[in-house]
Amino acid sequence: MPERVVMQVDLDYFYAQCEEVRNPSLRNKPVVVCIYSGRGGDSGAVSTSNYAARRYGVRSGMPIARAKQLLRNVEAVFLKADLDYYDEVSRRVMNILRKHADIFEEVSVDEAYLDVTEKTKGDYEAAKELALKIKTEIMEAENLTCSIGIGPNKVIAKMASDYQKPNGVTLIRPDEAVGFIAELSVDKLPGVGAKTKQILEEMGVKTIRDLAKQDPQKLISRFGLKLGNYLYNAANGRNDEPVKERLEPTQFSRIVTLKQDSQRIEEIEKYVDEICRDLYSRVSSQGYVFKSVGVITVSDSLSTCTRSATYEHPLDSYEALRSVSTALLSRLLEEEKIKIRRVGVRVSDLVKKRGQRTLYDFLTS
DNA sequence: GTATGCTTTCGGC
DNA sequence: TTACGGCCGAAAGCATAC
């Protein structure tokens, strides 16, 4: 296969940066974007924060009360996340990115891969020019900065964009890839979290250079065929995962925090009813029915439990979703003697309703 | 034993 | 000192069929 040119674009501290754009007086101050649980006070978690807040140790996922503690002596701003607004900004930015790619893959609200092999004719200098042009265009249209990584595959492009942020451009040519990642810690490799890192550490593997020298059979026996092969190849700068368009969502879910912890099914069912109503209207308005339904619970000790069911024919009404969800919930509550803090419902195995144009139809028309 | 498909958990943002 | 969201996609885990 001829050498590819892959670009990864990451919008910097996205939610907090959107807030700075909407209200420029926030710049220079620590900004913490929060999702409140609805239990009152500071109950909830930090979604993201700007770099001024990060300097004080604020991190995504942290309890809001802890972030307030870290920022107690500072003039900081805490905001409730406005997800609809961020989605709208994201949609406009993705439309800019899409038109510069041969193949475009939207990974999340703030991240995308672009295969630009043909657009650049395989020339890395041209790719760097294109990255600068994209950054300028996003700045002029939305006042947003982003970080861009360019490399011969998705893994190298992602690690390149992580290398210099915020507002960076990092170019790694094919012959530089192995050297660029060699001395980084293994957990810089996408897909290596705390668990894999610890196992590797026990094998005496700390850096990606160490990982690249391992016997691939040994990695496969420890991590399985798929992850073992991935680790071995990625550590050696190789990754053949294609950039591919994601035209349709694969699941929808909605989860809420109860006003207070409960183990009473009648109480929890009230929330499930409401969630099903809301979720069904969202899924239906986007033209989908679904063959799988799952309920998710989070206990008072923050452990997660789920139950799900798959049917041969798609479910296509709120009533069906509610009745399946409550049945799954009662089964879960019988089997697990836990106090529930949060409850949610998920639908997957989506099927497009008849007569609905797919996103693919729309984009290619 | 292996392939397949469904359920549950994990991890990133 | 503690504190704790709402999504998503994909991997891991498990059961079943052959």
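Residue numbering restarts at 1 for every chain, and letters A, B, ... go by the order of the sequence lines.
Rounded to whole Å, the distance from CG on A/L231 to C1' on C/dA11 is 13 Å. Summarising the geometry, the separation between OH on A/Y271 and C1' on C/dG6 is reported as 16 Å, rounded to the nearest angstrom. Counting to the nearest Å, the C1' atom of C/dA10 and the CD atom of A/E241 are 11 Å from each other. Remark: C1' of B/dT9 and CD1 of A/I338 are 14 Å apart, rounded to the nearest angstrom. With rounding to whole Å, A/K80 atom NZ is found 14 Å from C/dG5 atom P. Atoms CG (A/D278) and P (C/dC7) sit 8 Å apart, rounded to a whole Å. Atoms NZ (A/K68) and C1' (C/dT1) sit 18 Å apart, rounded to a whole Å. At whole-Å resolution of the value, OH in A/Y230 and P in C/dA11 are 10 Å apart.
Sorted by first and then second residue, the ring pair (Phe, Tyr, Trp, His ring centres under 6.0 Å) pairs with a member in residues 235-270 of chain A read A/F252-A/Y288; sequence neighbours excluded. For residues 316-337 of chain A, no residue pair satisfies the ring pair (Phe, Tyr, Trp, His ring centres under 6.0 Å) rule, not counting sequence neighbours. Applying the ring pair (Phe, Tyr, Trp, His ring centres under 6.0 Å) rule to pairs touching residues 86-105 of chain A yields A/Y15-A/Y86, sequence neighbours excluded. Residue pairs meeting the ring pair (Phe, Tyr, Trp, His ring centres under 6.0 Å) criterion with at least one partner in residues 127-166 of chain A, sequence neighbours excluded, are A/Y163-A/F180.
Listed by chain and number, the residues in a side chain to side chain contact (heavy atoms under 4.5 Å, CB included) with A/L328 are A/V293, A/V295, A/R307, A/A309, A/V324, A/R331 (sequence neighbours excluded). Residues meeting the side chain to side chain contact (heavy atoms under 4.5 Å, CB included) test with A/Y56, sequence neighbours left out: A/P30, A/L71, A/V74. Under the side chain to side chain contact (heavy atoms under 4.5 Å, CB included) criterion, A/L70 pairs with A/V58, A/M62, A/R66, not counting sequence neighbours. Listed by chain and number, the residues in a side chain to side chain contact (heavy atoms under 4.5 Å, CB included) with A/T250 amount to none (sequence neighbours excluded).
Mapping A/V107 and A/V256 onto DNA chain C by nearest heavy atom places A/V256 closer to the 5' end of the strand.
Between the side chain of A/T257 and the base of C/dG5 there is no donor-acceptor pair of N/O atoms closer than 3.5 Å.
Side-chain N/O atoms of A/R246 include none lying less than 4.0 angstrom from OP1 or OP2 on C/dG9. Applying the 4.0 Å criterion to OP1 and OP2 of C/dC8, one finds that A/S253 has a side-chain N or O inside that range.
Annotation: C/dG5 and B/dG11 have their C1' atoms spaced 15 Å apart (nearest Å).
Among A/K154, A/K158, A/K244, the single residue meeting the salt bridge (charged side-chain N to carboxylate O under 4.0 Å, His left out) criterion with A/E105 is A/K154.
Note on A/R72: nothing from the nucleic acid sits closer than 4.0 angstrom, heavy atoms only. At a threshold of 4.0 angstrom between heavy atoms, the contacts of A/F14 with the nucleic acid are absent. Nucleic acid contact class of A/R282 (heavy atoms, under 4.0 Å, all strands): sugar-phosphate only. A/K226 comes within contact range of the sugar-phosphate backbone alone, with a heavy-atom separation under 4.0 Å but no base atom that close.
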Under 3.5 Å, which N/O atoms of the protein pair with N/O atoms of nucleotides 2-4 of chain C?
from, atom 1, to, atom 2, distance (Å)
C/dC4, O2, A/G61, O, 3.4

Enumerate all atom pairs, one protein N or O and one N or O from nucleotides 10-13 of chain B, separated by less than 3.5 Å.
from, atom 1, to, atom 2, distance (Å)
B/dC13, OP1, A/K158, NZ, 2.8
B/dC13, O3', A/D110, OD1, 2.7
B/dC13, O3', A/D110, OD2, 2.7

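Taking the charged nitrogens against the carboxylate oxygens, A/R39 and A/D261 do have a contact shorter than 4.0 Å, which makes a salt bridge. By the 4.0 Å N-to-carboxylate-O rule, A/D300 lies too far from A/R341 to be salt-bridged with it.
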Output a table of donor-acceptor pairs, distance under 3.5 Å, between side-chain atoms of residues 40-47 of chain A and any protein atom two or more places apart or on a different chain; print 'none' if there are none.
from, atom 1, to, atom 2, distance (Å)
A/D42, OD1, A/K68, NZ, 3.0
A/S43, OG, A/S37, OG, 2.6

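Contacts between residues 304-324 of chain A and DNA chain C, defined by a heavy-atom separation below 4.0 Å, involve no residue at all.
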